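Everything below concerns the one structure shown next.
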Amino acid sequence: MEENLKQQDTRILKFALFGPESTGKTTLAKQLASYYETEWVPEFARDYLQERWEENQHICVEEDMMPIAYGQTKLENEKLALANKYLFCDTNLMVTKVFSEMYYGFCNPLLNEAALEHEYDLFFLTDIDVPWEKDDIRDSPKERESVFSVFKETVINTQKPYITLSGNKKSRLAKAIEIINDLTIAKELGFSSADFVQIYEHGIPFEKIKKQLAIFKNGIGKSILISPATVLNGILNLSEADFETKAAMFDANKSNLKLKKFVPASGAASRMFKFLNAFLNDFNIEKESINAYINRKKESQLSLFIIGMDKFPFFEAVDKKLREVYPDFDSLSTDYKNYYFIKMLLASDCFDFANKPKAVLPFHQYKTHIANPIEEHLHECAYYASSNSVSNLHFTVSEIHQSQFEECVAAVKTKIEKESGTKIGISYSYQNKSTDSITVDLENQPVRTDDGQLVFRPGGHGALIENLNNLDADVIFIKNIDNVIQNHIEKIALYKKALAGILIELQNKVFGYLNDIENQQITEGKIAEVVLFLKQNLNIEVAIEKLTFENKINRIKEVLDRPIRVCGMVKNEGEPGGGPFWVQDEEGVISLQIVEASQVDLADKNQAAILANATHFNPVDLVCGIKNYKSEKFDLAKFINHNAGFIVEKSAGKNTVKGYELPGLWNGAMAKWLTVFVAVPIITFNPVKTVNDLLKPAHQPQ
């Protein structure tokens, strides 16, 4: 009898439609079978029970469960022999097991064992969000939620690979087809059904996983640098009077504009305190002095931290706590005092600074209080990103950190609004998990956790192009969370406004040309004017001499109708990061781009020399226009250079793993925007990459 409950071993992919109600599942199974020109297994239980009904045996009893199971398995085996690549089962032994337990409180051990052993490549759990339909078999319309919960709990507890199908019948069919096609590709690439479900639940389209694996295998081409962008060769150089004129131009026009400030702020502060964490992990105060450790590790950062310790804005708070915890603190040696200070600063049950977002850490000591980056960005927002006494600030955050942001905002927002006379709107977004990448080893095989789960890592700040794409504003100011200043905020505001003024001037000119094209008010003379404008103001050369008049118009419209970014550039003083360069793309087109060192082939002496000769650095000081000449939002995804991503190597325990990062937000993600680089003073760039940066003059009281 046990053999009658065995499925045939076959390479056919089997899909079970699973859930408490049959009619919708049966219809979907038929549709899927028809779509793929393959077989489906009609629900044997319904036929069997219908026969009993017609025989006036109106009540289904527990003894019926085994005949139903035998009949279902028999049908599946028959259909497996006929199926073309796929088999769809509108029910299965697991359904019979669940109903047996629900209605009779008992399941035959043979049925239970067979239900657990029956393998399907995927269970489609059909949701209860469609109207209930009465028939002679289905009952309990008021218990749909509880019965559905039992079915869902069953696939979870039995560790069956499942995906829930929701929505109307049409959308369920479309969704199921997409899933089946992707699962087929996943199987061909060596992924299991469980892997596929994990990827699906993570929200990553499987086509992206496929592309990422190809990138790991084939590598990413390096950027081809033609030359550094320099003043008078790609970088606009303005006098102080010019900056003031551009800023005034912005002020004169901003009342008609919706402004927003966009601040990437999702990272934790772990890198700020990396050298202190390394010290705590490698130092034994009972066996070594701190000075000996500094000499042994050549750790000048630790020496600087200790020398400047009392100048940090958090010194007094940590010192106070130390004296509460250690009543004899004053009698301790200097080494013990310094060691306990660092330990308390990072301890998870104390200040835990390395695990908090940078945004909430104390950065600046004022006479009346200590300010964090959130407060400084709110101040800046009111200074230069306000229109009609309204300012809007958008933070990209980690979901687990949002409450900390909200607490910090609540503590200072009312005070800043009162002082500035500006109402500040705050909004948040998260980096979409669907932009994460799969992690592989050096053999390009997926990395797994100890329990067999795939490992994913964030796709880098390039993922934030989606967040930027979701904003609605005429002018967007972009600045990193750690690039704030304690002094000279009026000066900072001047340069930000000036960049916005340049943007508005460019938009006025570009939009004017596009409106002329739209209204068919373009002539050969106007086309020549546009070509000259593109060359002189946007560093774009357009070769259209051999084109017809109509094609000339189409070409210049294609070039002009793009989002615009105006980027501040500071003199290169050795900071790590990207810079402005003339770059040649795959099609031979030369354009201005921001390039990271990791995008350059340093083994090529010519390319390395061009990189080394860069005169300016990208401080992530951008003003962007993301609407077109009709005031419609661009789809920013259309302007990404998808070949400009990064393969990064990271340590994972004793192993090295690889991840893929998307084209950077201000690198490849904006590669096809209209771009203007402007030289701005170094005072505009004051990042806090390590905690010791807080000792620099820009972050100290004056």
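These figures come from a predicted structure and were not determined experimentally. If you read the sequence from its start, that first residue is 1, and numbering goes on from there.
A 6.0 Å sphere centred on NZ of Lys210 holds no more than 12 heavy atoms belonging to other residues, nucleotides or ligands. Residue Lys222 places its NZ atom among more than 12 non-hydrogen atoms of other residues, nucleotides or ligands, all under 6.0 Å distant. Environment of CG in Asp450: sparse, with no more than 12 heavy atoms of neighbouring residues, nucleotides or ligands closer than 6.0 Å. For Arg296, the CZ atom sits in a packed shell: over 12 heavy atoms of surrounding residues, nucleotides or ligands are nearer than 6.0 Å. Around atom NZ of Lys356, more than 12 heavy atoms belonging to other residues, nucleotides or ligands sit under 6.0 Å away. Atom NZ of Lys274 sits in a sparse spot, with 12 or fewer heavy atoms from other residues, nucleotides or ligands closer than 6.0 Å. In this structure, Lys211 places its NZ atom where only 12 or fewer heavy-atom neighbours from other residues, nucleotides or ligands lie under 6.0 Å away. Counting non-hydrogen atoms of neighbouring residues, nucleotides and ligands closer than 6.0 angstrom, the CD atom of Glu443 reaches no more than 12 such neighbours.
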Trace of the side-chain hydrogen bond (donor to acceptor under 3.5 Å, both in side chains) decision for His377 with Lys261: CA-CA 9 Å; His377 275 287; Lys261 186 177 179 183; 2.8 Å; yes
Worked check of ring-ring contact (aromatic ring centres under 6.0 Å, His included) between Phe329 and Tyr336: CA-CA 9 Å; Phe329 185 76; Tyr336 269 94; over 10 Å; no
Residue pair Lys433, Glu201: steps toward the salt bridge (charged side-chain N to carboxylate O under 4.0 Å, His left out) verdict: CA-CA 10 Å; Lys433 289 179 66 178; Glu201 291 179 344; over 6 Å; no
Candidate pair Asn667 and Gln599, rule side-chain contact (heavy atoms from CB on, under 4.5 Å), full reasoning: CA-CA 10 Å; Asn667 308 103; Gln599 294 177 274; 4.1 Å; yes
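Between Lys415 and Glu419 a salt bridge is recorded (basic side-chain N to carboxylate O distance below 4.0 Å). The existence of a salt bridge linking Lys413 and Glu406 is excluded, since no basic side-chain nitrogen approaches an acidic carboxylate oxygen closer than 4.0 Å. Under a 4.0 Å N-O distance rule, the pair Asp195/Arg448 qualifies as a salt bridge. Ion pairing between Arg457 and Asp436 fails under the 4.0 Å rule for side-chain N and carboxylate O. Lys496 has a carboxylate O that lies under 4.0 Å from a charged side-chain N of Asp621, or vice versa, which qualifies the two as a salt bridge. Here Arg323 pairs with Asp319 in a salt bridge; the nearest charged N to carboxylate O distance falls below 4.0 Å.
Thr439 places no side-chain N or O within 3.5 Å of a backbone atom of Val447 that could act as its donor or acceptor partner. In this structure, Glu299 contributes its side chain and Gln301 its backbone to a donor-acceptor pair below 3.5 Å. No donor-acceptor pair closer than 3.5 Å links the side chain of Asn480 to the backbone N or O of Asp482. At distances below 3.5 Å, not a single donor-acceptor pair connects side-chain atoms of Glu661 with backbone N or O atoms of Phe646. A donor-acceptor distance shorter than 3.5 angstrom exists from the side chain of Thr396 to the backbone of Ala265, with no hydrogens or angles considered. Ser223 places no side-chain N or O within 3.5 Å of a backbone atom of Leu225 that could act as its donor or acceptor partner. Distance alone, capped at 3.5 Å, places no donor-acceptor pair between the Glu466 side chain and the Asn432 backbone. When atom types are taken as modelled, the side chain of Trp582 and the backbone of Asn233 share a donor-acceptor pair closer than 3.5 angstrom. Judged by distance alone, with hydrogens and angles left aside, the side-chain atoms of Asn281 form no donor-acceptor pair with the main-chain N or O of Ala278 at under 3.5 Å.
Considering only heavy atoms from C-beta on, Lys689 stays 4.5 Å or farther from Met272 through its side chain.
Asp352 and Asn355 share a side-chain donor-acceptor pair at under 3.5 Å. Side chain to side chain, Tyr430 and Gln402 meet the donor-acceptor criterion of an N or O pair below 3.5 Å. Side-chain contact annotation: Lys658 with Asn444, donor-acceptor N/O pair under 3.5 Å present.
Only one option out of Leu280, Ile306, Thr334 pairs with Tyr339 in a side chain to side chain contact (heavy atoms under 4.5 Å, CB included); it is Leu280. Considering Phe279, Phe312, Phe315 as possible partners of Phe341, the one that fulfils the ring pair (Phe, Tyr, Trp, His ring centres under 6.0 Å) test is Phe315.
Here the straight-line distance linking atom CD1 of Ile594 with atom CD of Glu596 works out to 8.5 Å at 0.5 Å rounding. Of the inter-residue distances, the one linking Ser429 atom OG with Leu471 atom CG reads 7.0 Å to the nearest 0.5 angstrom. Distance NE2/His202 to CG/Leu454: 10.0 Å, rounded to 0.5 Å. How far CG of Asp330 is from CG of Leu322: 10.5 Å, rounded to the nearest 0.5 Å. Taking CZ of Phe273 as the start and OG1 of Thr690 as the end, the distance is 9.0 Å to the nearest 0.5 Å. To the nearest 0.5 Å, atoms OH (Tyr383) and CG (Leu494) are separated by 12.5 Å.
Relative ring orientation between Phe353 and Phe351 is described as perpendicular, the plane-to-plane angle rising above 60° on a 0-90° scale split at 30° and 60°. By the 30° and 60° cut-offs, the orientation of the rings of His699 relative to His364 is parallel.
Nearest heavy atom pair, residue Pro619 against residue Met569, reads CD-CA, 4.0 Å.
Cation-pi contact between Lys571 and Phe617: absent, since separation from the ring centre below 6.0 Å together with deviation from the ring axis within 45° is not met.
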